[in-house]
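Input: a single structure, listed below in structure tokens.
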Amino acid sequence: MKQAVMEKPGNIRFDEVSATPPGAGEVRIHVRQIGICGSDIHVWHGSHPFTPYPVIQGHEFMGVVDAIGPGVENAPPLGSKVTAQPQIVCGHCNPCKKGRFNICENLKVRGFQADGCGREYYNIPAERLVLLPDDFSADQGAFVEPVAVAVHSCNRAGDLSGRNVVVLGAGTIGNLIAQVAKVRGAAKVLITDLSDFRLDVARKCGVDVAVNTARESLEQATTAAFGDGGFDLAFEAAGVEASLGSAVKVIEKGGMILIVGVYGKPPVVDMGVVGEHEIVLAGSMMYWRDDWVEAVSLLASSISIAPLVSRHFPFAEWTEAYRFIDSNGASSMKVMVDLPA
Ligand SMILES: NC(=O)c1ccc[n+]([C@@H]2O[C@H](COP(=O)([O-])OP(=O)(O)OC[C@H]3O[C@@H](n4cnc5c(N)ncnc54)[C@H](O)[C@@H]3O)[C@@H](O)[C@H]2O)c1
Ligand SMILES: [Zn+2]
Ligand SMILES: [Zn+2]
């Protein structure tokens with residue numbers, strides 16, 4: 001089989017290696033499609049702070065069960081469509097003991113600190129598998145991971161029904177948060193970005209209001225959209241100081257801001273306003289298993305992904321896929337890598 005090894009930033013090598021049989025408790029997956037996300041692009045550029053090289057990338061994927069290792073109980077039948085959680089957790093730190101495996105003190109994520117799915121056959125512990133419906137497309141399967149990010153952040157926010165919600169950043173993650181918020185009964189969702197293309201994608205996915213904050217301030221936009229109703233919940237999914245700062249300034253007193261974005265440099269936040277306005281700043285980190293299960297059911301019923309998929313590249317052209325993203329950033333979204341059938 002072929003496996004894609006990123007030797008160093010900007011350099012992917014394709015090795016021919018033999019597929020190994022699944023070990024005890026493992027399942028071997030024949031990988032069919034991999035989604036590329038912003039964090040992968042950071043690894044491509046050498047700007048991901050926690051990824052040593054060489055690394056096999058890939059953590060958003062769809063595949064089929066190809067072989068089942070010894071001792072696996074209740075394995076899905078061979079040929080079943082699956083994806084898998086990329087987290088490797090220790091199980092004994094304090095967050096793990098409290099069941100909060102997503103924030104394990106010793107967390108490793110496949111595709112970053114451990115090898116990912118960028119290869120034709122991928123062995124993974126069976127308990128990490130997430131079964132997909134038979135009629136799922138490869139695109140749907142590869143979207144389960146980012147939808148699970150969105151589901152987790154919405155769960156962190158509590159009951160969304162009847163609330164006005166702002167999502168800052170209309171990349172894949174912001175778009176999916178906005179869609180999940182609608183499904184959860186949000187009254188009106190306003191999404192922002194600096195890219196008209198991405199705002200247009202959000203409109204195509206049914207997000208109520210999409211505003212380019214390069215042309216209109218967040219305050220003007222939210223006043224126009226929500227009037228006196230205001231908004232008391234925001235998701236920061238741009239990962240930049242400017243959008244976080246605008247949310248802190250404009251959100252209703254007592255509101256909550258979910259921090260989903262990863263900040264290239266630590267943002268300066270006016271903590272005086274946070275204190276006086278009793279604003280709740282809450283983090284959201286990846287997901288739990290239940291978030292994946294819910295992501296599968298939302299993808300089967302109510303989440304639009306077709307407008308988000310910009311291009312597919314064959315596995316052998318993964319490097320070209322990154323070059324495409326580098327030159328079409330603001331006018332593209334999700335790029336997929338297709339493995340040989
Ligand atoms: N918390 C988690 O578990 C988790 C998981 C996945 C991704 N992330 C992070 O979430 C963020 C979003 O991910 P993505 O894949 O959608 O990334 P992305 O880079 O595709 O999207 C970010 C968007 O923010 C927009 N933006 C930049 N400055 C802005 C501003 N001032 N106001 C409004 N929008 C602005 C960009 O134009 C872009 O469309 C990233 O920081 C990513 O690292 C977090
Ligand atoms: Zn990702
Ligand atoms: Zn742990």
Side-chain angles (χ1 to χ4, degrees), residues 1-17 19 29-64 83-84 86 109-122 137-147 149 169-176 193-198 200-201 204 239 262 264 305-341:
M1 67 160 182
K2 287 256 185 305
Q3 68 179 20
V5 181
M6 186 165 294
E7 283 184 277
K8 56 182 185 187
N11 192 325
I12 301 175
R13 182 186 83 210
F14 287 88
D15 288 345
E16 184 67 42
V17 296
I29 301 171
H30 186 179
V31 180
R32 291 293 167 80
Q33 186 172 308
I34 301 171
I36 297 178
C37 83
S39 305
D40 298 319
I41 299 163
H42 282 305
V43 177
W44 160 251
H45 287 141
S47 56
H48 194 281
F50 309 114
T51 300
Y53 301 81
V55 61
I56 298 177
Q57 292 195 282
H59 61 285
E60 309 179 357
F61 77 100
M62 180 270 177
V64 297
T83 183
V109 181
R110 290 176 199 274
F112 301 91
Q113 301 84 32
D115 287 341
C117 62
R119 44 186 153 190
E120 291 177 68
Y121 294 92
Y122 182 39
S137 65
D139 280 353
Q140 283 174 302
F143 259 98
V144 175
E145 195 269 0
V147 173
V149 171
T172 299
I173 297 294
N175 179 303
L176 294 171
D193 207 284
L194 311 177
S195 152
D196 287 327
F197 172 84
R198 287 174 169 214
D200 208 38
V201 171
K204 286 185 182 139
V262 174
I305 54 164
L308 281 82
V309 181
S310 297
R311 277 278 298 261
H312 283 245
F313 283 83
F315 187 44
E317 293 175 23
W318 199 331
T319 304
E320 283 70 26
Y322 279 128
R323 294 204 178 111
F324 169 82
I325 293 165
D326 282 348
S327 42
N328 296 276
S331 57
S332 71
M333 283 189 68
K334 183 61 74 186
V335 172
M336 300 285 187
V337 172
D338 300 334
L339 284 90

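Everything numeric in this text was worked out from a predicted model, so none of it was measured.
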Legend entry - Donor-acceptor under 3.5 Å (E120 side chain, K2 main chain): yes
For residues 46-63, run the donor-acceptor check on the side chains, cut-off 3.5 Å, and write out each pair with its distance to 0.1 Å, sequence neighbours left out.
residue	atom	partner	partner atom	Å
S47	OG	H42	O	3.4
S47	OG	H42	ND1	3.0
H48	ND1	F50	N	3.3
H48	ND1	T51	OG1	2.9
Y53	OH	V43	O	2.5
Q57	OE1	Y322	OH	2.6
Q57	NE2	D40	O	3.2
Q57	NE2	Y322	OH	3.3
H59	ND1	D40	OD1	3.4
E60	OE1	K334	NZ	2.8

Legend entry - salt bridge (Lys or Arg N to Asp or Glu O under 4.0 Å) against E7, all qualifying residues, sequence neighbours excluded: R13
Legend entry - Residues forming a side-chain contact (heavy atoms from CB on, under 4.5 Å) with A114, sequence neighbours excluded: I88, R110
Legend entry - Side chain to side chain, F14 and Q3, heavy atoms closer than 4.5 Å: no
Legend entry - Side-chain heavy-atom pair I34, W318 within 4.5 angstrom cut-off: yes
Inset, instruction - Would you check if the side chain of E16 reaches a backbone N or O of M1 as a donor-acceptor pair within less than 3.5 Å? - result: yes
Legend entry - Sidechain-backbone polar pair: R32 side chain, P340 backbone, donor-acceptor under 3.5 Å: no
Inset, instruction - Check whether any side-chain heavy atom of D338 sits under 4.5 Å from a side-chain heavy atom of Q33, and report yes or no. - result: yes
Inset, instruction - For D196, enumerate each residue passing the salt bridge (Lys or Arg N to Asp or Glu O under 4.0 Å) test, keeping only those at least two apart in sequence or located in another chain. - result: R215
Inset, instruction - Name all residues meeting the side-chain contact (heavy atoms from CB on, under 4.5 Å) criterion together with Q140; count only those two or more places apart in sequence or in a different chain, and write none if there are none. - result: F136, S137, I305
Inset, instruction - To the nearest 0.5 Å, tell me how far I12 CD1 sits from T319 OG1. - result: 4.0 Å
Legend entry - Close side-chain approach of L176 to V149, heavy-atom, < 4.5 Å: no
Inset, instruction - Just jot down the salt bridge (Lys or Arg N to Asp or Glu O under 4.0 Å) partners of K8, sequence neighbours excluded, or say none. - result: none
